[in-house]
There are 2 protein chains.
Amino acid sequence: MTNINDIARLAGVSVSTVSRVLNNYKYVASNKRESVLKVIEEMNYTPNKNAIDLIRGETRTIGVIIPYNNNPSFDQLLNGILTKALEDDFLITVLPSKYSKEKEMEYLEKLKSKLFDGIIITSRANDWETIIPYSNYGSIVSCEYTEHTEIGCSYIDRYSSFLNAFQLLKNKGHRAAAFTTARLESNSTKQMLDAYNQIFGELPPGYHISDCQCLEDGYEAAKQFLQLPERPTAIYANGDEVAGGMYLYAKSQQMKVPADLVIIGQENQPVGIGLGLTTVDHQLTKVGEQACSLVIKKSRKKVKIPYRILERDSV
Amino acid sequence: MTNINDIARLAGVSVSTVSRVLNNYKYVASNKRESVLKVIEEMNYTPNKNAIDLIRGETRTIGVIIPYNNNPSFDQLLNGILTKALEDDFLITVLPSKYSKEKEMEYLEKLKSKLFDGIIITSRANDWETIIPYSNYGSIVSCEYTEHTEIGCSYIDRYSSFLNAFQLLKNKGHRAAAFTTARLESNSTKQMLDAYNQIFGELPPGYHISDCQCLEDGYEAAKQFLQLPERPTAIYANGDEVAGGMYLYAKSQQMKVPADLVIIGQENQPVGIGLGLTTVDHQLTKVGEQACSLVIKKSRKKVKIPYRILERDSV
DNA sequence: CCTTGACTTGAAATGCATTTCATAAATTAG
DNA sequence: CTAATTTATGAAATGCATTTCAAGTCAAGG
């Protein structure tokens with residue numbers, strides 16, 4: 001491979017001058033600039049990006065930790081992040097964690113090793129205490145709210161959105177509701193339980209199923225809910241695909257939505273539009289865009305993204 | 001920042017020895033190894049990955065060119081790629097192109113500049129002639145078939161799948177079918193037109209609408225199709241989300257699927273499962289996995305991934 | 001005519017870790 | 001008890017481009 005020294009030699013100038021040409025520095029005699037460019041062209045030379053990143057100490061690359069790479073919510077976040085990164089000429093490296101603490105640390109180590117200028121954590125397995133020291137090595141932005149001042153946040157007030165959704169159900173005359181969540185130990189699940197308690201009081205046994213991700217999970221969850229002795233009249237699903245599965249199960253039992261069963265979904269996904277499901281749209285694409293914007297600006301601001309409830313025909 | 005020289009000095013050894021410890025080289029006296037590790041611990045040292053990549057000449061990072069980052073088909077491909085990359089400890093950088101030739105070249109230049117060990121092209125804007133020279137700088141794998149021996153391929157025989165889908169419709173008694181595609185100038189569209197011609201002969205005017213991506217596009221397409229003087233009895237949609245939109249439009253017109261209108265979708269997406277749409281599943285996740293596997297192995301093989309038709313209730 | 005500021009250029013230092021080469025000591029084999 | 005390995009270590013070269021520093025030229029201003 002030809003490098004900057006070869007170019008300098010062949011063009012009869014110093015490497016400094018070649019570097020100046022490469023970086024469009026003003027003060028280079030035009031004849032020298034010409035001949036350098038000519039040699040670059042002839043030798044088909046491209047500067048080595050690793051050398052540049054090494055000396056500049058930055059890579060214009062952002063790492064994005066996502067637990068699952070086949071999950072529509074994280075796809076929405078990633079979509080927003082990519083859009084913003086493209087605008088500002090940053091690269092995005094996707095870091096799937098499967099909620100493994102070790103994998104997560106491995107990725108944070110890569111921030112420390114100068115591979116990324118910053119990291120966006122869409123969801124995490126480790127404690128903040130473990131993560132925060134790494135904010136010394138690059139900007140870290142979270143898609144979940146945290147008090148810690150070292151971490152920028154682009155977040156949703158989920159507690160409030162859950163409160164609103166449950167209130168909507170209560171207003172329609174339901175005295176309880178079943179619901180699904182993703183990970184049992186997540187912050188989001190905690191907020192869900194709190195919001196439920198706030199609106200409906202005690203949760204009837206069997207009214208909460210966790211680890212739901214996809215349409216099939218929703219189908220199974222609905223089956224379980226509807227086999228309970230006190231079957232729920234309303235269900236909140238943590239995603240429209242999950243809600244879609246519930247809808248299908250209800251249909252298979254000759255139940256009508258919303259007459260026999262009310263379903264409310266989340267994230268405004270295509271299947272929800274298709275089935276006319278009412279949904280709580282947390283606008284994850286916007287959350288992603290904002291997160292990316294914060295990490296690029298090395299900002300530690302806390303930015304709340306508004307959610308909205310899209311009422312369709314399932315409530 | 002502390003570097004390998006600092007560690008060497010503080011541990012009273014040479015940088016070579018520190019490097020040996022770092023890379024678990026066998027022949028290091030255990031007492032020296034201990035003291036090096038101790039200093040590394042104390043100084044909270046992490047080697048600079050850019051320096052390592054520079055000298056090793058490889059990054060264990062693969063770039064993935066995708067035209068759209070909010071498209072379910074490309075999400076499926078990416079999903080497969082990420083799964084395989086995680087297994088083999090490679091990183092994935094997502095490179096959105098929007099089918100811009102310039103952006104694409106920019107990304108290929110990054111391969112040349114040693115930022116990536118290889119590139120996966122899920123779909124392209126440039127000619128192969130323009131792309132191929134870059135295969136000298138790293139392995140390039142395409143998710144579309146090409147004769148060029150420089151390029152590895154993990155591909156689907158779309159012509160065959162379209163042939164099969166149209167034959168299915170013909171067998172059910174349809175004498176023509178309308179269909180949607182993504183980009184008009186894509187290879188896939190060409191194959192579609194050829195397959196149509198093979199099965200049904202000449203395409204009735206207005207029976208092909210391009211640039212369809214999402215549910216809303218499908219809704220609009222169905223509207224246009226069903227307003228034609230000779231309205232089609234069957235439609236092939238380039239994606240289940242598009243098909244979902246068609247389904248919705250048909251419903252809005254009090255039409256029954258499949259009695260009044262037959263719809264066949266593509267890629268086995270959640271909305272299709274939800275609506276019970278028959279679909280041509282090209283198994284894009286597998287295509288992605290295979291593509292990633294090829295690029296990691298620097299293989300130029302041509303691997304055909306089998307498709308399958310999932311018959312549900314819309315045909 | 002001298003000073004000042006705008007140009008122009010190259011040598012050398014810098015960023016950081018790996019790897020080759022040379023050397024030497026300690027074992028093992030014959 | 002040699003010869004051949006194995007073990008152990010450091011100096012120096014290597015990968016590559018940027019940036020600072022020093023120094024020189026040239027033209028304009030006073």
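We name chains A, B, ... by the order of the sequence lines, and we start the count at 1 in each one.
Ring centers of Phe116(A) and Tyr137(A): at least 6.0 Å apart, outside the cut-off.
Between Lys32(A) and the phosphate of dG10(C), there is a side-chain N or O to OP1/OP2 separation shorter than 4.0 Å.
By the 30° and 60° cut-offs, the orientation of the rings of Tyr145(B) relative to Tyr155(B) is tilted. By the 30° and 60° cut-offs, the orientation of the rings of Tyr99(B) relative to Tyr68(B) is perpendicular.
Asn50(A) and Asn50(B) share no donor-acceptor pair across their side chains, judged by distance under 3.5 Å alone. Looking at Thr46(A) and Glu109(B), their side chains do bring a donor and an acceptor atom within 3.5 Å of each other. Ser186(A) and Thr189(A) form a side-chain donor-acceptor contact under 3.5 Å, judged by distance and modelled atom types alone. Thr59(A) and Asp117(A) form a side-chain donor-acceptor contact under 3.5 Å, judged by distance and modelled atom types alone.
Rounded to an integer number of Å, the gap from CZ of Arg9(A) to P of dG10(C) is 15 Å.
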Under 3.5 Å, N/O pairs linking protein and nucleotides 13-23 of chain D:
residue, atom, partner, partner atom, Å
dC16(D), OP2, Asn3(A), ND2, 3.4
dA17(D), OP1, Tyr45(A), OH, 2.5
dA17(D), OP1, Asn48(A), N, 2.9
dA17(D), OP2, Ile4(A), N, 2.4
dA17(D), OP2, Tyr45(A), OH, 3.4
dA17(D), O5', Tyr45(A), OH, 3.4
dT18(D), OP1, Asn23(A), ND2, 3.3
dT18(D), OP2, Ser19(A), OG, 2.9

Distances under 3.5 Å only, N/O to N/O: pair up the protein atoms with those of nucleotides 24-26 of chain D.
none

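The number of heavy atoms from other shown groups lying within 6.0 Å of NZ (Lys112(B)) is above 12.
With the nearest nucleotide of DNA chain C identified for both Thr17(A) and Tyr27(A), Tyr27(A) has the one nearer the 5' end.
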